[in-house]
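Given the structure is predicted, the values throughout are model-derived calculations rather than measurements.
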Amino acid sequence: AKLHSKALAYAVTTHPGHHASHDSFGGYCYVNNAALAARLLQTRHQKTKVCILDVDYHCGNGTASLFYHDPTVLVVSIHCDPDWDYPFNSGFVDQTGVDEGEGYTIHVPLPPGTQWKEGYEEALNQAMDKIMDYGAEAIVLSLGLDTHEGDAVAVRRAGFKLSGKDYLDMGTAIGRKAGCIPAVIIQEGGYKMDTVGSAASDVVTGFANSRLDAAGTI
């Protein structure tokens, strides 16, 4: 089936997936949903260049490893510095891919306590610029919500401090720069159950509204 140029889908999966790779799993991840979505966009919908943007608090190490040799999928992960938190051995800035995939993995580690206006917004905007420079024809957003202040899993070691309107702004920032290319949002981590629903809704709302502003329709 032909994929509409303005298509936007949201998938609530029963487990996160971005730590799962060919031969390993971790962090409750068994099947890498974002990787599957990227390949489906390529094989079923003829999208030659796909980007996976991972905004989970933890590095999407499984996703990065699956495409580490592959220049047709750009993987960008914004996460807590792995010197401070899981997965500890992946997510460093010098891990950029190998062979034909060299330069197509971009890790953006941020320090513990990062807030939206104090580091995260700038990192996200820079990441989106790199995605658009790549010429992505579709985007898969690995939406981790464990960046929220007080998330029980994240604060065991460090944690970020996003909250409230930050998630609306996140969706807006991504959607505005992504424009009308097809997008799939896949839910990853997020364990502060009294805020996960509103944060997810805000990201999707910000993303969708920014596309309405740009094109008049989704």
Side-chain angles (χ1 to χ4, degrees), residues 1-22 25-47 49-67 70 72-79 124 127-128 131 136-148 151 153 162 166-168 170-193 195-212 217-218:
K2 184 178 180 180
L3 186 67
H4 195 283
S5 62
K6 302 178 182 68
L8 172 60
Y10 182 76
V12 182
T13 55
T14 55
H15 287 83
H18 69 151
H19 297 309
S21 187
H22 284 298
F25 62 90
Y28 320 118
C29 300
Y30 305 100
V31 176
N32 197 309
N33 308 298
L36 286 170
R39 281 294 186 235
L40 285 171
L41 284 164
Q42 291 180 320
T43 57
R44 291 190 183 180
H45 301 292
Q46 294 77 52
K47 300 301 178 184
K49 299 172 74 174
V50 176
C51 173
I52 300 175
L53 171 63
D54 193 319
V55 296
D56 193 278
Y57 169 76
H58 304 95
C59 171
N61 59 315
T63 306
S65 70
L66 288 168
F67 299 107
D70 189 347
T72 71
V73 178
L74 177 69
V75 177
V76 182
S77 180
I78 305 172
H79 50 262
L124 179 60
M128 287 304 302
I131 290 168
E137 297 170 345
I139 184 169
V140 178
L141 174 62
S142 279
L143 178 59
L145 300 164
D146 45 2
T147 51
H148 200 287
D151 185 279
V153 171
L162 275 62
D166 296 342
Y167 291 96
L168 187 67
M170 177 188 290
T172 300
I174 298 170
R176 181 183 295 127
K177 293 203 174 187
C180 292
I181 64 173
V184 180
I185 302 174
I186 297 178
Q187 192 158 323
E188 298 282 0
Y191 311 95
K192 194 173 187 297
M193 302 313 295
T195 61
V196 164
S198 59
S201 177
D202 283 347
V203 173
V204 175
T205 298
F207 195 118
N209 284 346
S210 66
R211 290 159 74 98
L212 283 168
T217 186
I218 297 178

Taking the side chain from D146 and the backbone from Y57, do they hold a donor-acceptor pair closer than 3.5 Å?
yes
How long is the gap from NE2 on H22 to OG on S65, to the nearest 0.5 Å?
7.0 Å
Are any non-hydrogen side-chain atoms of L8 and I185 less than 4.5 angstrom apart?
yes
Could you tell me which non-hydrogen atom of I186 sits nearest to which non-hydrogen atom of N33, and how far apart they are?
CD1-O, 3.5 Å
Run the ring pair (Phe, Tyr, Trp, His ring centres under 6.0 Å) test against F25 and tell me which residues pass, sequence neighbours left out.
Y30
Would you name the heavy atoms of A34 and I52 that are closest together and state the gap between them?
O-CD1, 3.8 Å
Test your reading of the model: is there a side-chain donor-acceptor pair from S77 to the backbone of C59, 3.5 Å cut-off?
no
Output for pair (N209 CG, L168 CG), nearest 0.5 Å, gives 7.5 Å
Audit row: V196, Q187, side chain to side chain contact (heavy atoms under 4.5 Å, CB included) steps and yes/no
CA-CA 10 Å; V196 164; Q187 192 158 323; 3.7 Å; yes
Please list, one pair per line, the donor and acceptor atoms closer than 3.5 Å that link side chains of residues 197-206 to other protein atoms, with sequence neighbours excluded.
unit_1	atom_1	unit_2	atom_2	d
S198	OG	T195	O	3.1
T205	OG1	S201	O	2.8

Does R176 reach the main-chain N or O of F207 with its side chain, forming a donor-acceptor pair under 3.5 Å?
no
For the rings on H148 and Y167, is their centre-to-centre separation under 6.0 Å?
yes
Hey, could you give me the CE/CD1 distance between M170 and I78, rounded to the nearest 0.5 Å?
7.5 Å
When rounded to the nearest 0.5 angstrom, what is the spacing between CD1 in I181 and SG in C51?
8.0 Å
Any donor-acceptor N/O pair, N32 side chain to S21 backbone, under 3.5 Å
no
Measuring from I174:CD1 to L143:CG, what's the distance to the nearest 0.5 Å?
7.5 Å
For D56 and T147, test the side chains for any donor-to-acceptor distance below 3.5 angstrom and give the result as yes or no.
no
Here the pair of heavy atoms bringing K177 nearest to M128 is CD-CB, 3.7 Å
Backbone N or O of V50 within a donor-acceptor pair of the E137 side chain at under 3.5 Å?
no
Between the side chains of H79 and D54, does any donor sit under 3.5 Å from an acceptor?
no
At what distance, to the nearest 0.5 angstrom, does CG of D166 lie from CG of L124?
11.5 Å
H15 to T13 - nearest heavy-atom pair and separation:
O-OG1, 2.9 Å
Taking every heavy atom of P182 against every heavy atom of K47, the minimum-distance pair comes out as CG-CE, 4.1 Å
Any luck finding a side-chain donor-acceptor pair between Q42 and T72 under 3.5 Å?
yes
side-chain contact (heavy atoms from CB on, under 4.5 Å) with L74: which of I139, L53, I131?
I131
Does any N or O in the side chain of R39 come within less than 3.5 Å of the main-chain N or O of R44, such that one atom is a donor and the other an acceptor?
no
Testing the basics here: between L41 and A138, what is the closest heavy-atom pair and its distance to 0.1 Å?
CD1-CB, 3.9 Å
